[in-house]
Structure formats: structure tokens, C-alpha cells
Amino acid sequence: QVQLVESGGRLVQVGESLRLSCAASGITFSLNRVRWYRKRSGSDERELCATIARSGKATYPDSVKGRFTASRNDAENTVSLQMDRLQVDDTGVYYCNIERNYVPYWGQGTQVTVSR
């Protein structure tokens, strides 16, 4: 059974940094592409924040490029999302996502709130 558990979300102020983590059981991150998404308040859509390829290389959309850094720890089977210079618009629930055999798996999400 695949289980993803995100952690690290909390209330921070504009300009601060935060590091989110996602731990997996029942699946190996290094064998699959992993993504970080967020759902902003008032939106029903999940917005892509980062993609970690099987090679470990991470890519980002323009909205977070230069501020967010995604990484993977193969020994611990975890992925992280380092978020710097946070803005109010970064507020939302952050999820990690992985697919295996075309089946997507999601964690429960972790809330990040950025206040002025």
C-alpha cells in the first residue's frame, strides 16, 4: 500500500523560508518521477511547483523558479521542497505526488500560510 505523508507546513511571514518534506512507504521515490503541487486558497486546481525526475534533476515553473528548490534523499526515501523568499501568494496546501503504472498517489497535504 502506497502512502505519502507531507510535513513542515506552518505560518510564516513574507520573505521567510520554509522546508517541506514528504515521506513515502510502499513505493520508492528514486524509481519514479515525483512532483510537488499546491492548491491555493479559493482554487480547486492543484498547481505544479516542482518536478523531480528519476535522475534527481528538478525543474520548476516560472512562478517559483529561483525561489523553490526540490530535492530527493534516496537513503531516507523522502523528497523535500525548500521555499525561500515566500510571498503571500504562496499560501496554500502543498502536496507531493507520484505515479506508478499510471496510478497517481497523493499525500494529505501540508498547509503553508504566508502573512504580511
Spacing of R38 atom CZ and Y95 atom OH [to the nearest 0.5 Å]: 13.0 Å
Nearest heavy atoms of S17 and Q82, plus distance in Å: CB-NE2, 3.8 Å
Backbone N/O of I27 and side chain of N77: donor-acceptor pair under 3.5 Å: yes
Verdict with reasoning, L86 to F68, per side chain to side chain contact (heavy atoms under 4.5 Å, CB included): CA-CA 9 Å; L86 283 163; F68 288 13; 4.2 Å; yes
Derivation and outcome, side chain to side chain contact (heavy atoms under 4.5 Å, CB included), residues S63 and Q87: CA-CA 11 Å; S63 58; Q87 305 166 359; over 6 Å; no
Distance, nearest 0.5 Å, that separates OG1 of T110 from CG of L20: 6.0 Å
Side-chain heavy atoms of R67 within contact of D90, under 4.5 Å: yes
Note, F29 side chain near N73 side chain (heavy atom, < 4.5 Å): no
From OG1 (T59) to CG (L48), nearest 0.5 Å: 7.5 Å
Sub-4.5 Å side-chain heavy-atom contact between V114 and M83: no
Under 3.5 Å donor-acceptor, R72 side chain and R54 backbone: yes
Test item: R35 and P104 side chains (from C-beta on) under 4.5 Å apart, heavy atoms: no
Heavy atoms from other residues, nucleotides or ligands near CD of E45 exceed 12 (cutoff 6.0 Å): no
Exercise: identify the closest heavy-atom pair between S21 and S80: OG-OG, 3.8 Å
Distance flag, aromatic centroids of Y37 and W106, threshold under 6.0 Å: yes
Flag if over 12 foreign heavy atoms under 6.0 Å of CZ, R40: yes
Any E6 side-chain heavy atom under 4.5 Å of W36 side chain: yes
Pairwise side-chain contact, Q111 with L11, heavy-atom cut-off 4.5 Å (strictly under): no
Nearest heavy-atom neighbours spanning A58 and A70: CB-O, 3.7 Å
Joint hydrophobic cluster, V34 plus V103, side-chain heavy atoms closer than 4.5 Å: yes
Closest contact, heavy atoms only, K65 versus Y60: CE-O, 3.3 Å
For the student: nearest non-hydrogen atoms of A24 and L4, plus distance: CB-CD2, 3.6 Å
side-chain contact (heavy atoms from CB on, under 4.5 Å), paired with R33, selected from I98, I52, T51, N97: T51
Shared hydrophobic cluster, V93 / L18 (ILVMFWY, side-chain heavy atoms < 4.5 Å): no
Nearest heavy atoms of Q108 and V5, plus distance in Å: OE1-CA, 3.8 Å
Side-chain touch E47/P61, heavy atoms, less than 4.5 angstrom: no
